[in-house]
Structures are given as structure tokens and as C-alpha cells.
Amino acid sequence: MASSLTALHSFCLFSTLFAFTTTATQCALENPMMHLHFYMHDDFTGYTGPKPTAMRIVTMPKMSINDTSPRTFGDVAVLNNLLTKGPSHESELLGRAQGFSVRVSDGGLVNDLSLHLVFEHGPFAGSSIYIHGRIPLDKPVRESVVVGGTGHFRFARGYMISKNYDYSLATGGVVEFNVYVM
């Protein structure tokens with residue numbers, strides 16, 4: 001009797017693992033990892049056109065008279081930045097990076113970023129990817145999470161690697177994005 005129960009348990013465990021493995025493999029085959037590469041133009045001064053595409057809407061007072069950072073804890077910025085194929089703002093336009101960031105550290109060097117990558121041109125036009133993350137601006141490479149998406153990227157998951165291409169904390173600039181999504 002005991003050996004029958006053991007055999008039954010083994011069969012049930014094997015069946016469950018087989019079903020899980022088959023489902024996971026099928027999902028991975030149907031949703032392969034995709035790599036997207038483009039540039040965001042974080043323009044606080046208007047270099048990409050007649051008006052800035054990023055703007056600080058809340059400016060907090062400095063915590064100390066010795067604070068020389070152009071950003072401060074509690075600052076909030078809104079973004080409607082260009083996404084382009086290449087690093088020049090005159091490169092092929094792919095869409096917009098729309099969202100906001102909140103400075104969450106003393107000196108304003110760490111942002112909590114909420115960002116929609118909205119594709120307006122190309123094969124993903126009409127789709128978007130939603131990104132959220134902690135962005136330490138003093139680090140050369142930052143990682144954020146892909147939370148979801150719309151259109152082609154519905155139920156998306158993955159991550160984004162960002163790094164400064166040509167950037168100044170005072171005026172903005174160009175940030176390179178590598179998005180890995182499935």
C-alpha cells in the first residue's frame with residue numbers, strides 16, 4: 001500500500017512539473033526577449049526645438065547654504081522628451097518619453113522615475129512601454145523595470161538599461177536606452 005502511494009505521489013509530482021515546464025517553455029517560445037535601442041533627449045533648455053521638453057514643476061528650497069547641486073530633494077520634473085534612433089535630436093524620430101521624476105535623495109542625484117515610452121513612428125507605432133525605477137544619476141549605468149505596455153507590448157515585462165550619452169544635470173542632454181522586453 002505504501003509503495004502505491006509513493007508511486008502515486010511521484011506520478012503527481014512528475015505530471016505537475018511536466019505541465020509547468022511545458023507551459024513555461026511555450027511562453028518563452030511565444031514571447032522571445034526583444035532588444036530595443038534608442039536615445040532620449042532630456043531637454044530642459046530648448047535645444048531640440050522652440051521649447052523645452054522637460055521642465056521642473058516643483059523646486060524645493062536648498063537644504064543647506066553649501067548645496068550647489070542644480071537639483072534638490074523633493075524637486076519634481078515632467079517629461080515629454082524625444083525618442084530618436086540616433087544620438088542627434090535630428091535623427092529619425094521614434095516617439096516620446098512621457099512621465100515624471102521625483103528627486104528622492106539629498107543633493108537631487110537619485111530620481112524615482114515613472115516613464116511611458118510612446119512609439120509614434122515605425123513598426124511599434126501606437127504602442128507604449130511603461131518603465132519605473134530608481135535612477136541614481138551619479139552612476140554610469142542604471143537599471144529600471146519594464147512594468148507593462150500597450151499595443152504590441154501588452155503584458156510586457158523586462159528591464160531597461162540607461163546611461164548618459166551627453167548629459168548635464170543642469171541642462172539635460174542625451175540618454176541612451178537599451179530596453180529588453182518580452
Side-chain angles (χ1 to χ4, degrees), residues 17-45 47-49 52-55 71 77-105 108-169 171-182:
L17 287 174
F18 180 75
F20 176 76
T21 303
T22 303
T23 302
T25 302
Q26 183 179 1
C27 287
L29 292 174
E30 290 174 2
N31 300 306
M33 183 69 73
M34 180 184 302
H35 175 220
L36 304 173
H37 178 252
F38 39 83
Y39 296 84
M40 179 184 79
H41 299 268
D42 196 24
D43 180 8
F44 281 92
T45 60
Y47 78 88
T48 62
T53 62
M55 183 175 295
R71 304 287 184 254
V78 293
L79 312 170
N80 185 30
N81 295 331
L82 301 177
L83 289 176
T84 61
K85 192 170 188 170
S88 167
H89 69 276
E90 295 173 341
S91 178
E92 180 183 345
L93 180 66
L94 300 175
R96 295 277 178 170
Q98 298 174 326
F100 64 93
S101 68
V102 179
R103 313 287 182 211
V104 294
S105 71
L109 290 177
V110 178
N111 291 341
D112 180 17
L113 178 67
S114 175
L115 193 63
H116 294 266
L117 305 176
V118 181
F119 296 95
E120 299 170 341
H121 306 282
F124 306 121
S127 299
S128 68
I129 298 173
Y130 178 58
I131 306 289
H132 193 91
R134 179 184 183 273
I135 308 297
L137 295 173
D138 59 336
K139 302 293 182 201
V141 177
R142 286 112 25 201
E143 184 173 332
S144 303
V145 64
V146 172
V147 178
T150 64
H152 183 81
F153 300 106
R154 191 174 296 127
F155 300 115
R157 60 191 186 280
Y159 64 99
M160 179 178 80
I161 301 294
S162 61
K163 59 184 176 181
N164 295 345
Y165 179 82
D166 181 16
Y167 194 85
S168 158
L169 194 57
T171 61
V174 182
V175 180
E176 183 178 10
F177 285 171
N178 282 285
V179 181
Y180 299 89
V181 64
M182 58 177 175

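In plain terms, the two heavy atoms of Ser144 and Ile135 that are nearest each other are OG-CD1, 3.2 Å. Counting all heavy atoms, side chain and backbone alike, Arg96 lies closest to Leu83 at O-CD1, 3.4 Å. Summarising the geometry of Pro136 relative to Val110, their closest heavy-atom pair is CA-CG2, 4.1 Å, with the distance given to 0.1 Å.
Taking CD1 of Ile129 as the start and CZ of Arg154 as the end, the distance is 13.5 Å to the nearest 0.5 Å. Atom CE of residue Met40 and atom OG of residue Ser162 lie 8.0 Å apart, to the nearest 0.5 angstrom. Between atom CG of residue Leu137 and atom OG of residue Ser101 there is a gap of 8.0 Å, rounded to the nearest 0.5 Å. Atom CD1 in Ile131 sits 10.5 Å away from atom CD in Glu143 (nearest 0.5 Å). Atom CZ of Arg134 is separated from atom CZ of Arg142 by 11.5 Å, given to the nearest 0.5 angstrom. Separation of atoms CZ (Phe155) and CE (Met182) is listed at 15.0 Å; rounding is to 0.5 Å.
You'll find the side chain of His37 reaches within 4.5 Å of the side chain of Tyr39, heavy atoms only. Two residues are said to be in side-chain contact when any heavy atoms from C-beta on lie closer than 4.5 Å; Leu36 and Phe124 meet this criterion. Under the 4.5 Å side-chain criterion, counting only non-hydrogen atoms from C-beta, Leu113 is in contact with Leu79. By the 4.5 Å heavy-atom criterion applied to side chains, Pro87 and Glu176 are not counted as neighbours. Under the 4.5 Å side-chain criterion, counting only non-hydrogen atoms from C-beta, Phe153 is not in contact with Leu117. Counting only heavy atoms from C-beta outward, the side chains of Tyr130 and Thr150 never approach each other to under 4.5 Å. The closest side-chain heavy-atom distance from Phe44 to Pro52 is not below 4.5 Å. Leu94 has its side chain out of reach of His121: every pair of non-hydrogen atoms, C-beta onward, lies at least 4.5 Å apart.
Using a 30° and 60° split on the angle between ring planes, His35 and Tyr180 fall in the parallel class, below 30°.
Side-chain polar atoms of Arg103 and Asn111 form a donor-acceptor pair below 3.5 angstrom.
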#### Entry: His132/Asp112 under side-chain contact (heavy atoms from CB on, under 4.5 Å): CA gap, chis, key distance, verdict
CA-CA 8 Å; His132 193 91; Asp112 180 17; 2.9 Å; yes
### Task
Assess whether side-chain contact (heavy atoms from CB on, under 4.5 Å) is satisfied between Val179 and Phe38, documenting all intermediate values.
CA-CA 9 Å; Val179 181; Phe38 39 83; 3.9 Å; yes
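Shown here is Met34, whose CE atom has more than 12 heavy atoms of other residues, nucleotides or ligands within 6.0 Å.
A donor-acceptor contact shorter than 3.5 Å is absent between the side chain of Thr84 and the backbone of His89. Side chain of Ser91 to backbone of Gly86: a donor-acceptor contact under 3.5 angstrom is found.
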